[in-house]
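This report refers to the structure that appears directly beneath it.
Computed from a predicted model, the values in this text were never measured in an experiment. Just so you know, residue 1 is the first one in the sequence shown, and it goes up from there. Just the heavy atoms: all of them, side chains too, but no hydrogens, waters or symmetry mates, feed the values below.
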Amino acid sequence: MNEIIEGLIEALRLIFSGDPIVFGITLRSLYISGTATIISLLWGIPIALFLGLRDFRGKFLVKGIFNALIGIPTVALGLILFLFFSRSGPLGFLRLLYTPTAIIIGEAILVTPIVVSFSANALEAVDPQIMDLAKTLGASEDQAFFAVFKEALGGILLAMVASFNRAFAELGVAQMVGGNLDGFTNVLTTTIATDIVRINGIPTSIALAIILLTVVFGINLIVNAFTRRRK
């Protein structure tokens, strides 16, 4: 028990003293997960718009696939990407393995089903009469789509937050394709997992875990407050 208390005290000291290692890992994690989330939005939102606002044969199957992929184990995706990025893999010539870029690509793929599924559901939940009313008032097809998108913004924000949290807190992809290289690819989750077994590594692991939880809960509180004010 004393070891835990001492570790917690030392962890708080590392945070409030601005330890460069702790904050370097934190900034790297924010950059990697933030970039991955943005990339997933760039290709996920258009797919969600198509799924949410169009009817076509096989739509139920496509949505079902994206819904199922939400729960893909990160270590399984990490293994697949490792095989692709390894020197003997089909993308080995790009030399992406054990780089931040590899983690960004992996996390972007990981969270894309969340973006697509949550956003498509939010768009489908909008009253269809809104699009019809917009067209009646002279809006173009794109303007009518934007009106629906605006109504579904709360659900799309939820998709963004859920995607970032999933990327920020995942371990398998970052470990498999990043390699947890000190000062280069080590992020919060991989460092927590490895430092816990190192001598004198418990305080650092606790400090990083506190930061991880603070960021995740902090972003959720901010978005919830924004959504409530918007309503």
Item to check | Derivation of the side-chain contact (heavy atoms from CB on, under 4.5 Å) call for Ile210 and Leu8 | outcome: CA-CA 10 Å; Ile210 291 173; Leu8 179 59; 4.0 Å; yes

Item to check | Under the ring-ring contact (aromatic ring centres under 6.0 Å, His included) test, residues paired with Phe50 that sit two or more places apart | outcome: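 In terms of ring-ring contact (aromatic ring centres under 6.0 Å, His included), with neighbours along the sequence ignored, Phe50 is linked to Phe56.
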
Checklist entry - In chain order, what residues pass the ring-ring contact (aromatic ring centres under 6.0 Å, His included) check against Phe118, with sequence neighbours excluded? => result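 With neighbours one apart ignored, the set is empty.
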
Taking only residues at least two apart or on different chains, which pairs with a member in [range] satisfy salt bridge (Lys or Arg N to Asp or Glu O under 4.0 Å)?
| range | value |
| --- | --- |
| residues 162-172 | none |
| residues 62-79 | Lys63-Glu124 |
| residues 9-30 | Glu10-Arg13 |

What are the two closest heavy atoms between [X] and [Y], and how far apart are they?
| X | Y | result |
| --- | --- | --- |
| Ser119 | Ile45 | OG-CD1, 3.6 Å |
| Ser33 | Thr37 | O-OG1, 2.8 Å |
| Ala36 | Ile104 | CB-O, 3.5 Å |
| Ala122 | Ala152 | O-CB, 3.6 Å |
| Leu110 | Thr74 | CD2-CG2, 3.7 Å |
| Glu107 | Ile32 | OE1-CG2, 3.7 Å |

Side-chain heavy atoms under 4.5 angstrom apart, residues restricted to Ile, Leu, Val, Met, Phe, Trp, Tyr: same cluster for [X] and [Y]?
| X | Y | answer |
| --- | --- | --- |
| Val215 | Ile21 | yes |
| Tyr31 | Val22 | no |
| Leu153 | Ile219 | yes |
| Val111 | Ile70 | no |
| Leu96 | Val187 | yes |

Next on the checklist: With side-chain contact (heavy atoms from CB on, under 4.5 Å) as the criterion, how do Ile105 and Ile109 come out once you've worked through the C-alpha distance, each side chain's angles and the decisive distance to 0.1 Å?
Outcome noted: CA-CA 6 Å; Ile105 294 172; Ile109 295 172; 4.0 Å; yes

How far does [atom1] of [X] sit from [atom2] of [Y], to the nearest 0.5 angstrom?
| X | Y | atom1 | atom2 | answer |
| --- | --- | --- | --- | --- |
| Leu41 | Phe164 | CG | CZ | 11.5 Å |
| Phe217 | Asn165 | CZ | CG | 9.0 Å |
| Ile25 | Asn186 | CD1 | CG | 4.5 Å |
| Ser86 | Leu79 | OG | CG | 10.0 Å |
| Leu208 | Leu212 | CG | CG | 8.5 Å |
| Ile47 | Thr112 | CD1 | OG1 | 7.0 Å |

Item to check | Side-chain donor/acceptor of Ser40 to backbone N/O of Ala108, under 3.5 Å | outcome: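 No, because the side chain of Ser40 does not come within donor-acceptor range (under 3.5 Å) of the backbone of Ala108.
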
Next on the checklist: Between Thr191 and Leu188 (side chain of the first, backbone of the second, donor and acceptor by atom type, cut-off under 3.5 Å), is there such a pair?
Outcome noted: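 A pair under 3.5 Å: no.
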
Item to check | Leu181 and Tyr98: CA distance, side-chain angles, deciding distance, side-chain contact (heavy atoms from CB on, under 4.5 Å) verdict | outcome: CA-CA 8 Å; Leu181 304 179; Tyr98 301 144; 4.1 Å; yes

Checklist entry - According to the ring-ring contact (aromatic ring centres under 6.0 Å, His included) rule, which pairs have a member within residues 63-97, sequence neighbours left out? => result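 Found none.
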
Checklist entry - Yes or no on side-chain hydrogen bond (donor to acceptor under 3.5 Å, both in side chains) for Ser205 and Asp195, after CA distance, side-chain angles and deciding distance? => result CA-CA 6 Å; Ser205 294; Asp195 274 20; 5.0 Å; no

Checklist entry - Where do Met176 and Leu81 land on the side-chain contact (heavy atoms from CB on, under 4.5 Å) test, with the steps shown first? => result CA-CA 8 Å; Met176 296 288 286; Leu81 292 173; over 6 Å; no

